[in-house]
Trainee: 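After the structure tokens below, expect a handful of questions from me.
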Amino acid sequence: MINDEIIINIDKVKESRVKQIDWDNLPFGKVFSDHMLVMDYSDGEWQQPEIMPFGSLDLHPATSAIHYGQSVFEGMKANKDENGEVLLFRPEMNAHRFAESCERMCMPEIPEDLFVELVKRTVDIDRDWIPSKEGYSLYVRPYMFATDDFIGIKPSDNYKFIIFTCPVGAYYSQPVSVKIEEFYTRAAQGGVGRAKTAGNYAASLYPAKKAQEEGFHQLIWTDAAEHKYIEESGTMNILFEIDGVLVTPAEDMDTILRGVTKRSAVEIAEHWGVKVEERKVEVQEIVKALREGRVTDAFGAGTAATIAQVGKIGFRDEMFVLAPVESRGISNRIKKYLVDLKSGKIEDEMNWVIRF
Ligand SMILES: *Cc1c(COP(=O)(O)O)cnc(C)c1O
């Protein structure tokens with residue numbers, strides 16, 4: 001259902017670009033749909049949202065987000081079922097996390113139901129851009145940044161909230177190879193690791209690049225204080241299956257991003273009767289279990305990748321090769337469940353999907 005009470009100015013493109021798209025060749029995040037939604041914050045309130053043709057922004061050189069980094073974002077996916085109905089997966093969780101990220105970064109919050117409605121409208125106007133091919137989806141990127149044209153350190157008075165969408169294919173096509181990082185850190189207790197803010201990514205690029213030079217795709221971050229505990233994997237949360245138990249770092253610290261995909265993986269596994277432990281996970285515990293061959297599955301969970309199975313884990317001089325992905329139990333089961341649920345192929349027993 002679309003809520004007609006929220007008035008959006010709409011300026012539609014004269015001619016859609018959708019027919020020019022090569023649906024078999026969709027690099028992640030490089031193809032953009034026809035429209036974007038823009039809503040400005042000024043004079044202490046959100047102004048009327050507008051949907052307009054996707055295009056460049058005109059920015060003042062002093063735009064404060066560029067200098068001081070008040071910038072937060074979300075990432076979610078829309079899919080279509082066989083009848084052309086659009087499905088969104090737990091968008092209220094993204095709305096809630098966005099509000100939390102805004103609070104931490106001193107940015108104005110968007111009421112959560114307004115956030116969800118704006119996402120729906122943005123997806124609705126470009127619903128022809130939602131790929132119907134299996135494993136493909138429309139990636140939705142809501143974000144907000146500070147727009148004061150002022151060089152001075154203080155929370156900005158003006159902001160821009162934008163949503164654009166990108167049709168995308170699969171993110172990782174092969175099992176990921178990760179390195180347990182013991183020097184660099186992503187987030188420290190008391191910092192902004194729980195906020196989905198741009199700077200967390202900026203800070204992670206250099207360590208990730210070094211790991212890539214060593215042949216890894218990604219890092220597994222450990223805690224900043226002691227490098228003793230596993231935290232997450234950059235764009236994904238991480239889960240392990242050890243002795244038949246699904247083990248994942250608890251999110252009570254403010255150093256771990258609270259992922260919708262991981263929360264859903266944990267909830268569905270529990271629903272199936274799988275034993276799940278959300279707790280502190282020591283690096284040494286994982287390494288010992290790897291050496292003893294007791295890690296039967298390991299996977300990242302995040303919207304972009306959905307479930308990304310880990311093929312190899314590097315720790316200091318050791319390299320652990322996990323079982324072939326075809327033989328994995330729990331990660332394949334969760335992956336199939338989430339893909340089928342998001343594309344409307346199975347009944348929504350958990351009440352996670354909204355349709356319009
Ligand atoms: C977005 C993100 C995730 C995954 O969250 P989802 O809600 O599952 O997409 C994990 N870690 C970090 C650092 C992230 O920014």
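Numbering of ligands and ligand atoms starts at 1, following listing order.
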Trainee: Under 4.0 Å between a Lys/Arg side-chain N and an Asp/Glu carboxylate O for Glu74 and Arg97?
Mentor: yes
Trainee: CD of Glu347: more than 12 outside heavy atoms within 6.0 angstrom?
Mentor: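 Atom CD in Glu347 is not crowded, with 12 or fewer foreign heavy atoms closer than 6.0 Å.
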Trainee: Can you find a side-chain donor-acceptor pair between Asn79 and Ser343 that sits under 3.5 Å?
Mentor: no
Trainee: How far is atom 5 (O) of ligand 1 from its nearest protein heavy atom, and which residue and atom is that?
Mentor: Gly259 CA, 3.4 Å
Trainee: Can you see which heavy atom on Thr185 is nearest to which on Trp221, and at what distance?
Mentor: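 Minimum heavy-atom separation between Thr185 and Trp221: C-CZ3, 3.6 Å.
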Trainee: Just which atoms of ligand 1 are under 4.0 Å from any heavy atom in Thr303?
Mentor: 6 (P), 7 (O), 8 (O), 9 (O)
Trainee: Roughly how far apart are Asp157 CG and Asp148 CG, rounded to 0.5 Å?
Mentor: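 It comes to 5.0 Å.
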Trainee: Side chain, backbone, both or neither: which part of Arg186 comes within less than 4.0 Å of ligand 1 when only heavy atoms are counted?
Mentor: side chain
Trainee: Do Ser331 and Glu241 have side-chain atoms, one donor and one acceptor, less than 3.5 Å apart?
Mentor: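 There is no such pair (donor and acceptor under 3.5 Å, judged by atom type) between the side chains of Ser331 and Glu241.
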Trainee: Using a strict threshold of under 4.0 Å (side-chain N to carboxylate O), is an ion pair present between Asp254 and Arg104?
Mentor: no
Trainee: Would you mind telling me if ligand 1 is within reach of the side chain of Asn200, the backbone, both or neither, using heavy atoms under 4.0 Å?
Mentor: neither
Trainee: Just need the protein heavy atom nearest to atom 15 (O) of ligand 1, so name the residue and atom and give the distance.
Mentor: Tyr201 OH, 2.4 Å
Trainee: Which of the numbered atoms in ligand 1 are below 4.0 angstrom from a heavy atom of Thr235?
Mentor: 2 (C), 3 (C), 4 (C), 10 (C), 11 (N)
Trainee: Is the count of non-hydrogen atoms from other residues, nucleotides or ligands lying under 6.0 Å from Glu349 atom CD greater than 12?
Mentor: yes
Trainee: Between Val260 and ligand 1, is there a nitrogen or oxygen pair with a distance under 3.5 Å?
Mentor: yes
Trainee: Have a look at Met93, Lys196, Lys262 and point out the one with the heavy atom closest to atom 1 (C) of ligand 1.
Mentor: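 Looking at heavy atoms only, the winner is Lys196.
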Trainee: Which of the numbered atoms in ligand 1 are below 4.0 angstrom from a heavy atom of Asn237?
Mentor: 10 (C)
Trainee: Is there a donor in the side chain of His96 and an acceptor in the side chain of Glu92, or the other way round, less than 3.5 Å apart?
Mentor: no
Trainee: Assess Ser233 for proximity to ligand 1: is some non-hydrogen atom of it under 4.0 Å away?
Mentor: no
Trainee: Judged by non-hydrogen atoms, does Glu74 sit under 4.0 Å from ligand 1?
Mentor: no
Trainee: Closest non-hydrogen protein atom to atom 13 (C) of ligand 1, residue and atom name please, with distance?
Mentor: Gly234 O, 2.8 Å
Trainee: Counting each atom of ligand 1 from 1 as listed, which ones have a heavy atom of Arg97 under 4.0 Å away?
Mentor: 5 (O), 6 (P), 7 (O)
Trainee: At a non-hydrogen distance cut-off of under 4.0 Å, which region of Thr261 contacts ligand 1 (side chain, backbone, both, or neither)?
Mentor: both
Trainee: Quick one: which of Arg263, Met236, Met76, Glu232 has a heavy atom closest to atom 11 (N) of ligand 1?
Mentor: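 That would be Glu232.
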Trainee: Rounded to the nearest 0.5 Å, how far does CD1 of Ile354 lie from CZ of Phe89?
Mentor: 12.0 Å
